[in-house]
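A short worksheet on the structure shown next.
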Amino acid sequence: MTELAPSSNASSGLRRFFWLLAPLLVLAIAIAWIATADPLRSFNNGAPPVEAITFERTVLNDGGIRVQIRAGGSEDMTVAQVQVDDAYWNFSMAPAGPLARGSTAWIDIPYPWVLGEAHRVKLVTNTGTTFEHEIAVAVPTPVATQGQLIQQAIVGAIVGILPVAIGLMFYPAMRNMGTSGMGFVLALTVGLLAFLLVDMTFEALELAAESAPVFQGPAMVILAALATFLILMGISRRGGRPEGLALAFYIAFGIGLHNFGEGLAIGAAFAAGSAGLGTFLVLGFAIHNVTEGIGIAAPIVRQKPPLWAFVALTLVAGAPAVLGMWIGSLAYGTQWSALALGVGAGAILQVIVEVTAFFLRGSGRQGQSWLSPPVLSGFLTGLAFMYVTAAVIKV
């Protein structure tokens, strides 16, 4: 058997390196030439550059109005004037000067806003282009005080942790279910997860449409969901198909990401002064989430997990609602919320696949199919319950 000489191996390695480096070098030269020579300047007909501004955050305090903006124009852009309710006002901007594409800045306006009133902020660039932002209900923006965070944690626990814990309390009763009853519960789980998947996807795409164009919101959501699904599928299948307590934790994790998105929405609505956020709405969220605990318990009814497992499942599924409320009220951003919901949608899809596979593995032994009356009614019940209770909490 003939072995290659070391010099031959070195020569082959150099050739591979050259053919890897050569295209990158040509690309760098092309970029440098286009940037310096500007070969497209002959197509310039004198039209102003494309400008875009996205309002990402609004803060109302004793000093007036603060808005965070993100530029998305084809060239650097300058905010020349600011109007509030059709009146020009002095303003300061940090950082000062032109805004490059994708960069952010805070604009401070010493405007005496009125509690409960609506206000319109309009930015005028040096080219005369205007961008308007409406403050639907003027209320002070929450600050990170201990009392504020505790109050939000209580609300987050009511809409996230409490209903999941109540749902898990059905575990003893579920252990006494027969074959038909278990088929109903597993199909109920798939039904509620299917609703969460659809709901999260549409909500993520809606938020993505409101984010700055530079983030390519819809594509970001779909890619985040796909990447999350593939990563979780890869992790879950490393040791075989998940069952029992492992599958319950995957369900809890996916639901936890959904509750994180719910918390973001509630926190942002509180910060914006949404008048619809009252006791009725909080109770609606709690009732809406009770079935999540039932779905988490479904894979473990044939086991006897320790008490700590139920506590951990409750926290994994419910505690993210608290974290979401804090972030939503203090540092809300549409693009990051859309990204979080996209990740959650991918996780929910992975859970649907695993729960369905878990059901199909057992259905062959138990003589059930998706079209059997208990299974089909469970799936439809899960969809219907989530749809009806979601209608209560939509504001």
Side-chain angles (χ1 to χ4, degrees), residues 160 164 167 185-209 216-265 288-289 291-299 313 316-318 320-321 324 335-363 370 375-376 378-387 389-390:
V164 172
V185 172
L186 285 172
L188 178 78
T189 302
V190 176
L192 71 91
L193 290 173
F195 178 87
L196 293 181
L197 174 62
V198 173
D199 186 61
M200 289 182 73
T201 301
F202 278 111
E203 188 174 353
L205 292 174
E206 182 179 342
L207 289 173
Q216 305 174 76
M220 177 183 66
V221 168
I222 299 301
L223 291 175
L226 179 61
T228 302
F229 171 74
L230 293 175
I231 290 172
L232 291 178
M233 283 297 293
I235 294 173
S236 67
R237 295 299 177 94
R238 288 185 63 184
R241 295 177 177 177
E243 296 187 8
L245 192 58
L247 182 55
F249 270 106
Y250 277 110
I251 296 175
F253 178 70
I255 289 175
L257 290 175
H258 168 263
N259 285 336
F260 177 76
E262 258 184 8
L264 285 174
H288 178 70
N289 293 343
T291 50
E292 296 174 350
I294 298 175
I296 294 170
L313 289 169
V316 169
Q335 67 275 8
W336 309 128
S337 298
L339 178 62
L341 290 172
V343 170
I348 291 292
L349 179 59
Q350 182 262 344
V351 172
I352 290 176
V353 170
E354 296 293 11
V355 174
T356 303
F358 177 73
F359 169 78
L360 293 176
R361 289 197 296 273
S363 63
W370 275 105
V375 176
L376 187 58
F379 179 77
L380 296 177
T381 299
L383 285 177
F385 181 85
M386 297 298 282
Y387 179 83
T389 54

Can you see which heavy atom on Leu341 is nearest to which on Ala204, and at what distance?
CB-CB, 3.6 Å

Only pairs at least two apart or in different chains count here, so list each salt bridge (Lys or Arg N to Asp or Glu O under 4.0 Å) that has a residue in residues 337-355.
Arg237-Glu354

Minimum heavy-atom separation for Ala338 to Ala208, with atom names?
CB-N, 3.8 Å

Separation between CG of Leu349 and CG of Leu196, rounded to the nearest 0.5 Å
12.5 Å

Closest approach of Ala194 and Phe379, non-hydrogen atoms and distance?
CB-CE1, 4.4 Å

Point-to-point distance, once rounded to the nearest 0.5 Å, from CD1 of Ile222 to CD of Gln216:
13.0 Å

Do Ile255 and Leu193 make a side-chain contact, defined as non-hydrogen atoms from C-beta onward lying under 4.5 Å apart?
yes

Hey, is the main chain of Ala317 close enough, under 3.5 Å, to the side chain of Asn259 for a donor-acceptor pair?
yes

Show the nearest heavy-atom pair for residues Phe229 and Val353, with the distance to one decimal.
CE1-CG2, 3.9 Å

For the CG atom of Leu313 and the CG atom of Leu245, what is their distance to the nearest 0.5 Å?
6.0 Å

Separation of Ile348 CD1 from Phe253 CZ (nearest 0.5 Å)
10.0 Å

Within the structure provided, determine whether Thr228 and Gln350 are in side-chain contact (heavy-atom separation under 4.5 Å).
no

Minimum-distance pair of heavy atoms, taken over all atoms of Ile251 and Pro299:
CD1-CG, 3.6 Å

How close do Ala345 and Met200 get, heavy atom to heavy atom, and via which atoms?
N-CE, 3.6 Å

Counting C-beta onward and ignoring hydrogens, is there a side-chain heavy-atom pair between Tyr387 and Val198 closer than 4.5 Å?
no

Interatomic spacing from CH2 in Trp336 to CE in Met220 - rounded to 0.5 Å
7.0 Å

OG1/Thr381 to CG/Leu192 distance, rounded to the nearest 0.5 angstrom?
11.0 Å

